[in-house]
Amino acid sequence: TLSDVRIAITALAPTIHRIPEAEALLEGGEGGEAAIAAAAAAVAAASRPISDVRGSEDYRRHLVTVLTERALRAAIEQAQS
C-alpha cells in the first residue's frame, strides 16, 4: 500500500510545486496501472510547459505523462524490493 506519496514538478511550471491531485490518486492504493496513468494525467494537467524550437507545448505535455508513468513505476518497484 502506498503512503506518504509526494509528486512535484520543476521545469514544467513557473515555480516548483507539488501536485496534490496526483498524490491523492495514489495514496492508500497498490499503485496499479490505472492509478499510475491517472496520476500522470493529473501531473500533465497541472504542468504549464512552454512551446519553443525544441518542442511544442503538446509534445512536452505528452512527454511529462510518459516520464511520470516511468518514474512512478520505478519508485513503486524500488519500494517493493
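FYI, side chains are in, hydrogens and waters are out, and symmetry mates aren't considered; it's all heavy atoms of this structure. Quantities reported herein were computed from a predicted structural model and do not represent experimental measurements.
- Within the 3.5 Å criterion, the main-chain N or O of G55 finds a donor-acceptor partner in the side chain of R60.
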Can E27 and S3 be said to form a side-chain hydrogen bond (donor to acceptor under 3.5 Å, both in side chains), step by step?
CA-CA 5 Å; E27 188 72 33; S3 63; 5.1 Å; no
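- Between L26 atom CG and T1 atom OG1 the span is 12.5 Å, to the nearest 0.5 Å.
- In this structure, the side chain to side chain contact (heavy atoms under 4.5 Å, CB included) partners of I76, at least two apart in sequence or on a different chain, are L2, I36, Q80.
- Closest of all the heavy-atom pairs between A42 and L25 is CB-CD1, 4.1 Å.
- With rounding to the nearest 0.5 Å, the separation of CG in D58 from CG in L63 is 12.5 Å.
- Considering CZ of R6 and CZ of R18, their distance stands at 4.5 Å, rounded to 0.5 Å.
- Applying the side-chain hydrogen bond (donor to acceptor under 3.5 Å, both in side chains) test to S47 and every residue at least two apart in sequence or in another chain returns R61.
- In this structure a side-chain-to-backbone donor-acceptor pair under 3.5 Å is present from S51 to E57.
- Inter-residue side-chain proximity for I9 and H17 is flagged as met; some heavy-atom pair is nearer than 4.5 Å.
- The closest side-chain heavy-atom distance from V66 to R70 is below 4.5 Å.
- A chain of hydrophobic side-chain contacts below 4.5 Å, direct or via other Ile, Leu, Val, Met, Phe, Trp or Tyr residues, connects I7 to V64.
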Taking it one step at a time, do V43 and T65 satisfy side chain to side chain contact (heavy atoms under 4.5 Å, CB included)?
CA-CA 7 Å; V43 171; T65 302; over 6 Å; no
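- What you find for A39 and A22 is that their closest heavy atoms are O-CB, 3.6 Å.
- Qualifying side-chain hydrogen bond (donor to acceptor under 3.5 Å, both in side chains) partners for R48, counting only residues two or more places apart in sequence or in other chains: none.
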